[in-house]
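This report concerns only the one structure given below.
No experiment lies behind these values; they were computed from the predicted model shown.
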Amino acid sequence: MTALYEATDPELCATAPQPRAQDAAEPAQQRAGRVGVVLVSHSRAVAESTAALARALAGGGVPARVAPAGGLPDGAVGTSAELVRRAAADADEGVGVVVLCDMGSAVLTVKSLLENKELQGVHIADAPFVEGAVAAVVTASAGGDLDAVLAAADDARAYRKL
């Protein structure tokens, strides 16, 4: 919880965002060099809806890049290395990407891609899928660095509901 709080306070963030080339649809000052987040789920609907929820809860301004990689390319349930590679590239702003997985083969797919060095600057978080995604996106959107985003996702394991 501390990492999430610190990352959402711009004065406490470890590093300021680094500038990058401006996207056509987004002002550069709002999207410069933030950590990206990839959500890997067995279900396209779960990955996309979790990404939408995390973006909505990220607060004002333009949220950090969040790329869902859910299901198989044909829409069936499963995990796809191709979709994970594409999502990681889409989320990457040059300062790192944090990946959250729903379970089982999603984790194995990402670990395999990392072991085969098919993903550069990508780090897998050991965190609950929804809570970790929200914490990671909020922290990345506030300009938190890679360590802060990973810590925020990790801290989500301790969130209690009752």
What I'd like to find out is whether the side chain of [X] reaches to under 4.5 Å of the side chain of [Y], using heavy atoms alone.
X    : Y    : result
V40  : T109 : no
P68  : R44  : no
L53  : V130 : yes
L146 : V98  : yes
V110 : V84  : yes
L114 : V122 : yes

same_hphob_cluster(V95, V137) at 4.5 Å side-chain heavy-atom cutoff: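 In one cluster with V95: V137, yes.
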Tell me the closest heavy-atom pair linking [X] and [Y], and the distance in Å.
X    : Y    : value
A64  : S141 : N-OG, 2.8 Å
L100 : A125 : CG-CB, 4.2 Å
A69  : V38  : CB-CG1, 4.4 Å
A153 : A136 : CB-CB, 4.3 Å
A67  : D90  : CB-CB, 4.3 Å
L150 : H123 : CD1-CB, 4.0 Å

Pairing residues for R85 by the side-chain contact (heavy atoms from CB on, under 4.5 Å) criterion, not counting sequence neighbours: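 Applying side-chain contact (heavy atoms from CB on, under 4.5 Å) to R85 gives A81, E82, L113, E118, L119.
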Which residues share a side-chain contact (heavy atoms from CB on, under 4.5 Å) with V107, sequence neighbours left out: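 side-chain contact (heavy atoms from CB on, under 4.5 Å) check on V107 returns C101, K111, I124.
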Mark yes or no for whether [X], through its side chain, and [Y], through its backbone, hold a donor-acceptor pair below 3.5 Å.
X    : Y    : result
D92  : A88  : no
T139 : G144 : no
R65  : V37  : no

Derivation of the side-chain contact (heavy atoms from CB on, under 4.5 Å) call for V46 and F129: CA-CA 10 Å; V46 169; F129 192 67; 3.9 Å; yes
Spacing of T79 atom OG1 and D102 atom CG [to the nearest 0.5 Å]: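 Here the rounded value is 8.5 Å.
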Distance in Å, R86 CZ paired with S80 OG, rounded so as to fall on 0.5 Å steps: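 The distance works out to 7.0 Å.
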Other ILVMFWY residues reachable from L108 by side-chain steps of under 4.5 Å: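 Listed partners: none, L108 stands alone.
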V97 vs V35, side-chain contact (heavy atoms from CB on, under 4.5 Å): CA-CA, chis, key distance, verdict: CA-CA 6 Å; V97 173; V35 175; 5.8 Å; no
